[in-house]
Amino acid sequence: MTAETVAPEWMHTQISAEQYDSWSEEQCAGIEIVDGMVVVIPSASKRHSRLARILANALDEAAGADWNADTDFDVRLQDVPLTNRRPDVVVYRAETIDLTPTRPEHVLLVVEVVSPGSETTDRIVKADHAKAGIPFYWRIEQAATGVPIIYTYVLDPATKAYRDGEMFTGVIKAAAPFSVTVDLGTI
């Protein structure tokens with residue numbers, strides 16, 4: 001006798017913004033919605049979560065009163081078809097902290113920390129933040145040496161695509177409206 005895992009019905013049908021908004025936080029944890037379809041996010045390792053938290057804390061401190069930096073919440077890129085992404089770190093306008101959902105116009109920067117289970121998604125697919133108009137995107141690779149490599153991208157408004165910014169190893173420096181230096185080599 002074998003036990004079969006049966007995926008819930010909602011994983012096989014397109015989800016509307018209204019349906020998603022009616023779900024509990026527990027139901028929304030660990031998933032993203034892309035073109036209305038549920039995508040399960042791989043569980044983050046402790047190293048991945050720690051790096052995201054340290055970066056969020058440093059960005060939050062550097063951002064001042066106008067911006068917040070947090071981890072683990074949705075950014076609603078579009079309503080139809082529904083696309084909700086859950087970046088590892090989001091820098092967003094402080095005055096929008098109570099607005100739900102967080103929209104691209106509230107966001108300055110999204111950061112993805114690449115893990116073995118998320119390599120293709122974080123390197124290629126997550127660039128869809130550009131189409132939504134989010135000005136900055138950082139991708140952090142966890143190198144074999146243990147010192148992270150940070151790739152920065154800047155939105156080109158004319159093409160709605162990211163162009164390469166600077167690359168850093170172990171130290172992050174952000175441009176205006178805030179600046180931050182973080183020694184990630186000690187993680």
Peer 1: With side chains defined as the heavy atoms from C-beta onward, is the minimum distance between Arg47 and Leu51 less than 4.5 Å?
Peer 2: no
Peer 1: Counting neighbours of CD on Glu105 that are heavy atoms of other residues, nucleotides or ligands and sit closer than 6.0 Å, is the number greater than 12?
Peer 2: yes
Peer 1: So do Tyr151 and Val114 actually touch side chain to side chain, heavy atoms under 4.5 Å?
Peer 2: no
Peer 1: Do you know the tightest heavy-atom contact between Lys160 and Gly133?
Peer 2: NZ-CA, 4.1 Å
Peer 1: Donor-acceptor pair, distance only, cut-off 3.5 Å: does the side chain of Glu61 make one with the backbone of Ala58?
Peer 2: no
Peer 1: To the nearest 0.5 angstrom, please state how far the CD atom of Glu166 sits from the CD1 atom of Ile150.
Peer 2: 11.5 Å
Peer 1: Of all the heavy-atom pairs spanning Tyr20 and Cys28, show the shortest one and how long it is.
Peer 2: OH-CB, 3.3 Å
Peer 1: Donor-acceptor check, side chain of Glu32 to backbone of Val39, threshold 3.5 angstrom: yes or no?
Peer 2: no
Peer 1: Just verifying a value: how many Å separate Phe73 CZ and Arg85 CZ, rounded to the nearest 0.5 Å?
Peer 2: 15.5 Å
Peer 1: What are the two closest non-hydrogen atoms of Thr83 and Asp35, and how far apart are they?
Peer 2: OG1-N, 3.2 Å
Peer 1: In sequence, state the C-alpha distance, the side-chain angles, and the governing distance for Arg103 and Asp79, and then conclude on salt bridge (Lys or Arg N to Asp or Glu O under 4.0 Å).
Peer 2: CA-CA 10 Å; Arg103 301 274 184 187; Asp79 287 313; 3.0 Å; yes
Peer 1: At their closest point, which heavy atom of Thr102 faces which heavy atom of Asp74, and how far apart are they?
Peer 2: CB-O, 3.7 Å
Peer 1: Please examine the side chains of Arg93 and Leu108, heavy atoms only from C-beta on, and report whether any two atoms are closer than 4.5 Å.
Peer 2: no
Peer 1: If you round to the nearest 0.5 Å, how far is CZ of Arg139 from OG1 of Thr152?
Peer 2: 10.5 Å
Peer 1: Kindly determine whether Val154 and Tyr162 satisfy side-chain contact (heavy atoms from CB on, under 4.5 Å), including the steps that lead there.
Peer 2: CA-CA 5 Å; Val154 179; Tyr162 287 120; 5.8 Å; no
Peer 1: Grab the two heavy atoms, one from Ala44 and one from Ser49, that are nearest each other, plus how far apart they are.
Peer 2: CB-OG, 3.5 Å
Peer 1: Does the side chain of Gln19 reach to within under 4.5 Å of the side chain of Ile33, using non-hydrogen atoms?
Peer 2: no
Peer 1: A side-chain contact here means heavy atoms from C-beta on lying under 4.5 Å apart; do Asp88 and His48 qualify?
Peer 2: yes
Peer 1: Treating Ile, Leu, Val, Met, Phe, Trp and Tyr as nodes and any side-chain heavy-atom pair under 4.5 angstrom as an edge, say whether Leu155 and Met167 lie in one connected cluster.
Peer 2: yes
Peer 1: Can you sort out the partners of Asn68 under side chain to side chain contact (heavy atoms under 4.5 Å, CB included), two or more places apart, ordered by chain and number?
Peer 2: Asp60, Asp70, Tyr92, Ala94, Ile97
Peer 1: Test Arg76 against Asp21 for side-chain contact (heavy atoms from CB on, under 4.5 Å), laying out the working first.
Peer 2: CA-CA 11 Å; Arg76 173 86 40 99; Asp21 292 343; 2.5 Å; yes
Peer 1: What pair of heavy atoms forms the shortest contact from Leu82 to Ile15, and how long is it?
Peer 2: CB-O, 3.6 Å
Peer 1: May I have the step-by-step check of side-chain contact (heavy atoms from CB on, under 4.5 Å) for Leu59 and Leu109, ending in yes or no?
Peer 2: CA-CA 10 Å; Leu59 288 168; Leu109 164 70; 4.0 Å; yes
